[in-house]
S.K.: 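I'd like to ask you about the structure that follows.
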Amino acid sequence: MSNPAASNPAASNPAAAELIARSNRLGADPRNTNYAGGNTSAKGSDIDPVTGEPVELLWVKGSGGDLGTLTESGLAVLRLDRLRALVNVYPGVEREDEMVAAFDYTLHGKGGAAPSIDTAMHALVDAAHVDHLHPDSGIAFATAADGEELTAAAFGERVVWVPWRRPGFQLGLDIAEVKRKNPSAIGAILGGHGITAWGDTSDEVEANSIWIIETAAAYIDEHGRADPFGAPLEGFAPLPESERRARAAALAPTIRGIASQSKPQVGHFTDAEVVLDFLASSEHPRLAALGTSCPDHFLRTKVRPLVLDLPANASIEDSIARLKELHENYRADYQAYYDRYATEDSPAIRGADPAIVLVPGVGMFSYGANKQTARVAGEFFVNAINVMRGAEALSTYSPIGDDEKFRIEYWALEEAKLARMPKPKSHATRIAFVTGAASGIGKAIVTRLAADGACVVIADLDLEKAQAAAAEIGNTDVAIGVRADVTSEEDVVAAIEATLLAFGGVDIVVNNAGLSLSKSLLETTVADWDLQHDVMAKGSFLVSKAAAKVLIEQEMGGDIVYISSKNSVFAGPNNIAYSATKADQAHQVRLLAAELGEFGVKVNGINPDGVVRGSGIFAGGWGAKRAAVYGVPEEELGKYYAQRTLLKREVLPENVANAVAVITGSDLTHTTGLHIPVDAGVAAAFLR
């Protein structure tokens, strides 16, 4: 019972090792399949730890995994004899969903990852290795109006056409029968869906898969017409790069609000050439209305996008007004689509907002529950555009009908898959913009918010440090670093625009950037005074103003938080410029809370004291000067501050970050205009 291969078969079994290597190679090339799309398998034997005898197994990519990053933990491991025996109890296509639960009775040991709906295809096809992929070139054939004839013309007897059938047990039976009846075939085009290939060895099936993909692409290049999307559409050509990105940032708050009416979404923007070319052509309205076809695609993109029907040079005001009109139409159409096909057993509607919004001359906005999902949705629609191009080049793009799309989108198995997903974290779908966040309190804040599920933007005067801090937190789906001199309105606006282009909007703004000069009244120069007020008072004003414009247009509420100080209340010596500007920030909280409440925007403050460890301000000379004022060694300043508090505890950056997380979380939704002391108890700074 201690045989390591029994508990971890993919680690030592040659068939499984070959499968992982092949999958990674195929998944690394977007021409072969989309992210998390398709599945691969291998059949082989291993030792059953119970009997000590060889047992025939199937290793297959599990549900929800990605080929390009597949590891052994992403494989489902099943007994081949028991899988094939399911044919004897198959109740027919009307009840084929029941077969997914039956897979649990075929698992080898703990079984690894959850088996996908395509497991039957891999088990029933009589070949040692099977690939099921979603290449753009293959789906172009699969969605062409005369796809069957084109398949015969391009591939001869080597590839067989299989009419559309929803993924499941019956499709596995169909493909197995196709292979039996066509001994010279190496694979199939699955109508409306993708391709399947098979082989006796891992190298053979990989070569067969790539041959099908490359042959399809070459046939389209050789036989397809040059203008599959039609003639250029006057006024819809791409704007110059700087102009279209500025326009994208101007429209982003409105579009995110549109995509988030049913539930908050994170966004992604791309102005890739393939998107701009599609939108500049005369056939794009017709093709966009037909929507995507491959099930992997429209599960992320919805059945069709929302397309702005104005030329690229329309005014921002006209574009916003038209987008809102189109959104109302889209919601009504989607509700009608749901009502038309839903049955008593259908899951509830999941929201009627678009996941893809196309703006001619500008690009594509895509949305999801997190940045990765939003980005992948956009990638899938690029796949769809490529599919449309290939199908229209050879024939007419003819995806599966809305009735079949609905059966996939509101499939009970898909609903069960969604229900198994982990509960969202407290700040999921929220986008935080934090100034002065490359170190100290700001860095602690973005680290905490990211850990709680937010996307974070680290704005700092030092771009290199901001980007390094972002890289520590995660990839660009989680955190980015931008340069922002908060004393410059131009810099602040540019930083907010970068946030909009990266994540689609903003929900939480933390005014944290600051510095301090410890000087008496007579030592404080006008330049000292101006510097303190420019960075903290003026800087907070500029950031709040730029962010509020976005928050109001999104119509999603939001939070503005000021990292003020106990010095905004407490009067201490040799601190005139710093404390005065902190008092200015503290009153900005009250003023903005009163002004922005009607838009659902909460404005609150955090009043820390004596955050020495990890503080950029204290490390920059402030600590030494404050230590001199109090007559203690600089290295003991934190302890000194702690001893003068009621709780006798040193305040750390993480304590401030915790307060920000709480005030912007779901538990204090009715609190605005509040200042939270994070000072371990300084009686002289009690708010009265």
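The chain is numbered in sequence order, starting from 1. Values below: all heavy atoms of this structure, side chains included; hydrogens, waters and symmetry mates excluded.
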S.K.: Between Thr33 (side chain) and Leu133 (backbone), is there a donor-acceptor pair under 3.5 Å?
M.R.: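 No; judged by distance alone, with no hydrogens or angles, the pair does not exist.
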S.K.: With the side chain counted from C-beta on, respond yes when Asp309 and Pro285 share a heavy-atom pair under 4.5 Å apart, and no when they do not.
M.R.: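 Heavy-atom side-chain distance check fails, nothing below 4.5 Å.
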S.K.: I'd like to know if Asp452 and Lys425 make a salt bridge, using a cut-off of under 4.0 Å between side-chain N and carboxylate O.
M.R.: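 Not counted as a salt bridge, because no side-chain N and carboxylate O are separated by less than 4.0 Å.
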S.K.: Is the ring pair Phe365/Phe269 parallel, tilted or perpendicular, if the boundaries are 30 and 60 degrees?
M.R.: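 Tilted.
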S.K.: Is the closest side-chain heavy-atom distance between Phe236 and His284 below 4.5 Å?
M.R.: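 Yes, side chains in contact.
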S.K.: With a cut-off of 6.0 Å (strictly less than), are more than 12 heavy atoms of other residues, nucleotides or ligands near CG of Asp667?
M.R.: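 No.
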S.K.: Just checking Arg31: does its CZ atom have more than 12 heavy atoms from other residues, nucleotides or ligands closer to it than 6.0 angstrom?
M.R.: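 Not buried by this count: 12 neighbours or fewer within 6.0 Å.
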S.K.: Answer yes or no: is there an ion pair linking Asp97 with Arg166, defined by an N-O contact shorter than 4.0 Å?
M.R.: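 Salt bridge between Asp97 and Arg166, a charged N being under 4.0 Å from a carboxylate O: yes.
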S.K.: Does this structure show an ion pair linking Arg304 with Asp333, if we count only N-O contacts that are shorter than 4.0 Å?
M.R.: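 No.
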S.K.: Kindly indicate, with the supporting measurements, whether the criterion side chain to side chain contact (heavy atoms under 4.5 Å, CB included) is fulfilled by Ile445 and Ile563.
M.R.: CA-CA 10 Å; Ile445 291 169; Ile563 306 302; 4.0 Å; yes
S.K.: Please give me the minimum heavy-atom distance between Ser319 and Leu251, naming the atom from each residue.
M.R.: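 Nearest heavy atoms, Ser319 then Leu251: CB-CD2, 4.0 Å.
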S.K.: If you round to the nearest 0.5 Å, how far is OG of Ser315 from CZ of Arg247?
M.R.: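 Here the rounded value is 7.5 Å.
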S.K.: For the pair Arg389 and Ile220, evaluate side chain to side chain contact (heavy atoms under 4.5 Å, CB included) and give the outcome as yes or no after the intermediate values.
M.R.: CA-CA 9 Å; Arg389 177 186 286 110; Ile220 293 169; over 6 Å; no
S.K.: I need the minimum non-hydrogen distance between Ala661 and Leu449, along with the two atoms involved.
M.R.: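 In this case the closest contact between Ala661 and Leu449 is CA-CD2, 4.2 Å.
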S.K.: Got Pro424 and Thr429 here, is their nearest side-chain heavy-atom distance under 4.5 Å?
M.R.: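 No. Closest side-chain heavy atoms not under 4.5 Å.
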S.K.: A quick test of your reading: do over 12 heavy atoms of other residues, nucleotides or ligands sit less than 6.0 Å from CD of Glu595?
M.R.: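 No - once you tally the heavy atoms of other residues, nucleotides and ligands closer than 6.0 Å, there are 12 at most.
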S.K.: Can you check whether Thr476's main-chain N or O pairs, donor with acceptor, with Lys371's side chain at less than 3.5 Å?
M.R.: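 Not at all, since once roles are kept as given, no pair shorter than 3.5 Å links the two residues.
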S.K.: I'd like to know if the side chain of Thr301 reaches the main chain of Ala377, judged simply by a donor and an acceptor atom lying under 3.5 Å from each other, with no hydrogens or angles considered.
M.R.: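 Checking the backbone N and O of Ala377 against the side chain of Thr301, no donor-acceptor pair under 3.5 Å is found.
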S.K.: Closest heavy-atom contact between Tyr410 and Arg350?
M.R.: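 The answer is OH-N, 3.1 Å.
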S.K.: Between Asn604 and Leu674, is there a donor-acceptor pair closer than 3.5 Å when you use the side chain of the first and the backbone of the second?
M.R.: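 Yes, Asn604 side chain to Leu674 backbone: donor-acceptor pair under 3.5 Å.
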S.K.: Report the distance from atom OG1 of Thr373 to atom OH of Tyr367, rounding to the nearest 0.5 Å.
M.R.: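 Here the rounded value is 14.5 Å.
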S.K.: With Leu358, which of Val307, Leu306, Ile385, Leu308 fulfils side chain to side chain contact (heavy atoms under 4.5 Å, CB included)?
M.R.: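 Result: among Val307, Leu306, Ile385, Leu308, Val307 is the only option passing the side chain to side chain contact (heavy atoms under 4.5 Å, CB included) with Leu358.
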S.K.: Check whether any side-chain N or O of Arg244 sits under 3.5 Å from a backbone N or O of Leu239 as a donor-acceptor pair, and report yes or no.
M.R.: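 Judged by distance alone, yes, a pair lies under 3.5 Å.
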S.K.: Answer yes or no: is there a donor N or O on one side and an acceptor on the other, between the side chain of His327 and the main chain of Ile258, under 3.5 Å?
M.R.: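 Here the side-chain-to-backbone pair exists.
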S.K.: Between Leu596 and Val603, which heavy-atom pair has the shortest distance, and what is it?
M.R.: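 Closest heavy-atom pair between Leu596 and Val603: CD1-CG2, 4.2 Å.
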S.K.: Please check if the side chain of Ser281 supplies one atom and the backbone of Glu283 the other of a donor-acceptor pair under 3.5 Å.
M.R.: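 Between the backbone of Glu283 and the side chain of Ser281 there is no qualifying donor-acceptor contact (under 3.5 Å).
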S.K.: Using a cut-off of 6.0 Å, state whether more than 12 heavy atoms not belonging to Lys324 lie near its atom NZ.
M.R.: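 Atom NZ in Lys324 is crowded, with more than 12 foreign heavy atoms closer than 6.0 Å.
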S.K.: Hey, does Glu379 have a side-chain heavy atom less than 4.5 Å from the side chain of Arg300?
M.R.: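 They are not in contact (no side-chain heavy atoms under 4.5 Å apart), so the answer is no.
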S.K.: For residues Leu150 and Ser395, report the shortest heavy-atom separation together with the two atoms involved.
M.R.: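 In this case the closest contact between Leu150 and Ser395 is CD1-CB, 4.1 Å.
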S.K.: Could you give the distance from OG (Ser544) to CG (Asn511), rounded to the nearest 0.5 Å?
M.R.: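 Reported value, rounded in 0.5 Å steps: 4.0 Å.
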S.K.: Test side chain to side chain contact (heavy atoms under 4.5 Å, CB included) on Asp507 and Arg256 and set out the steps.
M.R.: CA-CA 11 Å; Asp507 302 294; Arg256 186 183 181 218; 2.9 Å; yes
S.K.: Please round to the nearest 0.5 Å and tell me the distance separating atom CG of Leu287 and atom OG1 of Thr396.
M.R.: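 These two atoms lie 9.5 Å from each other.
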S.K.: Looking at Tyr338 and Ala352, would you say the former's side chain and the latter's main chain have a donor-acceptor pair under 3.5 Å?
M.R.: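 Not a single qualifying donor-acceptor pair exists.
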S.K.: Okay, side chain of Ser366, backbone of Ala374: is any donor-acceptor separation there less than 3.5 Å?
M.R.: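 Pair found, side chain donor or acceptor close to backbone of Ala374.
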S.K.: Which heavy-atom pair separates Lys602 from Thr669 by the least distance, and what is that distance?
M.R.: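 Scanning both residues completely, I find the closest heavy atoms to be CD-O, 3.7 Å.
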S.K.: Does any non-hydrogen side-chain atom of Val486 lie less than 4.5 Å from one of Asp491?
M.R.: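 Not in contact.
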S.K.: With a 3.5 Å distance limit and no angle check, can you tell me whether Asn383 reaches the backbone of Asp136 through a side-chain donor-acceptor pair?
M.R.: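 Checking the backbone N and O of Asp136 against the side chain of Asn383, no donor-acceptor pair under 3.5 Å is found.
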S.K.: A side-chain contact here means heavy atoms from C-beta on lying under 4.5 Å apart; do Cys294 and Thr143 qualify?
M.R.: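 Side chain of Cys294 against side chain of Thr143, heavy atoms only: no contact under 4.5 Å found.
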S.K.: Distance check, rounded to the nearest 0.5 Å: Asp271 atom CG versus Glu241 atom CD?
M.R.: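 It is 6.0 Å, given to the nearest 0.5 Å.
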S.K.: Crowded around Glu489 CD? As in, over 12 foreign heavy atoms under 6.0 Å?
M.R.: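 Open.
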S.K.: Check this for me: does any side-chain nitrogen of one of Arg331 and Glu328 sit under 4.0 Å from a carboxylate oxygen of the other?
M.R.: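 No, no charged N to carboxylate O under 4.0 Å.
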S.K.: Val456 vs Val434, test: side chain to side chain contact (heavy atoms under 4.5 Å, CB included). Steps then yes/no.
M.R.: CA-CA 8 Å; Val456 297; Val434 184; 5.9 Å; no
S.K.: Got Glu409 and Lys302 here, is their nearest side-chain heavy-atom distance under 4.5 Å?
M.R.: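 Side-chain contact under 4.5 Å: yes.
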S.K.: Does Glu392 form a salt bridge (charged side-chain N to carboxylate O under 4.0 Å, His left out) with Arg286? I'd like the steps, not just the answer.
M.R.: CA-CA 12 Å; Glu392 287 284 310; Arg286 173 181 65 86; 2.7 Å; yes
S.K.: Answer whether the closest heavy-atom distance between the side chains of Thr671 and Ile663 falls below 4.5 Å.
M.R.: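 They are in side-chain contact.
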S.K.: What orientation do His134 and His132 show, parallel under 30°, tilted 30 to 60°, or perpendicular over 60°?
M.R.: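 Perpendicular.
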S.K.: How long is the span from the CG atom in Asp318 to the CG atom in Leu323, to the nearest 0.5 Å?
M.R.: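 That separation rounds to 11.0 Å.
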